Amino acid sequence: LMDACASGRSSGANQSIIISGESGAGKTEATKLIMQYLATVTATGSADATSLSTRVLSANPLLESFGNARTLRNDNSSRFGKFIKIQFSPERRIVGATINNYLLEKTRICKQEEGERNYHIFYQLITGASPDLA
């Protein structure tokens, strides 16, 4: 990762990191660690840069609520893929990010296998709902 960052800085070329693996292999955790690393190494100490890095990192748990569910193999299994694009300034600061989700497992909304659960967001909404709605 450090070599890719250094290469991108010196050549100005775009860099990509592909994270793949079987269910439960740690793809989601690896993504979080890489995003934290990028936020740390590009931090300048300015309030704006720190705020943006914090917002980029804070978006991930919210997205997981909408796309992760309990499966037989993993209590927090991602049921979607995502493409994260982080934009950097010429000074190597994070200036923006976009996250595109794809291949959402839509059938999970209607039916789950025995021992599995729906997307986390549904349970979180019910937990936070007033007693009238629950």
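Here the structure is a predicted model, which is why all the values come from computation and not from measurement.
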Legend entry - Residue pair E22, K27: steps toward the salt bridge (charged side-chain N to carboxylate O under 4.0 Å, His left out) verdict: CA-CA 8 Å; E22 294 184 17; K27 297 176 296 293; over 6 Å; no

Inset, instruction - Find the distance between CZ (F83) and CG (N100) and round it off to the nearest 0.5 Å. - result: 7.0 Å

Legend entry - Interatomic distance, I86 atom CD1 to M35 atom CE [nearest 0.5 angstrom]: 5.0 Å

Inset, instruction - Output the distance between atom CD (E29) and atom OG1 (T31), rounded to the nearest 0.5 Å. - result: 9.0 Å

Legend entry - R79 charged N/C atom sitting above Y119 aromatic ring, 6.0 Å / 45°: no

Legend entry - Spacing of NZ belonging to K85 relative to OG belonging to S16, to within rounding of 0.5 Å: 10.0 Å

Inset, instruction - Can you measure from OG (S65) to CD (Q124) and round to the nearest 0.5 angstrom? - result: 3.5 Å

Legend entry - Backbone of R70 reached by a side-chain donor or acceptor of D75 within 3.5 Å: no

Inset, instruction - Quick one: closest heavy-atom pair of A39 and I94, and the distance? - result: CA-CD1, 3.9 Å

Inset, instruction - Return the minimal non-hydrogen interatomic distance between V95 and S89, and the atom names on each side. - result: CG1-CB, 3.5 Å

Inset, instruction - Verify the cluster assignment for F80 and Y123: are they in a single hydrophobic cluster under the rule of side-chain heavy atoms below 4.5 Å apart? - result: no

Legend entry - Rounded distance [0.5 Å steps], CG in L33 versus CD in Q36: 5.5 Å

Inset, instruction - Compare every heavy atom of A69 with every heavy atom of N118, then report the nearest pair and how far apart it is. - result: O-CB, 3.4 Å

Inset, instruction - Please name the pair of heavy atoms, one in N76 and one in N74, separated by the smallest distance, quoted to 0.1 Å. - result: N-OD1, 2.9 Å

Inset, instruction - Look only at the side chain of Q87 and the backbone of A97, and say whether a donor-acceptor pair between them is shorter than 3.5 Å. - result: yes

Legend entry - Criterion side chain to side chain donor-acceptor pair (under 3.5 Å) on T71 and E116, from CA distance to verdict: CA-CA 5 Å; T71 64; E116 295 190 349; 4.9 Å; no

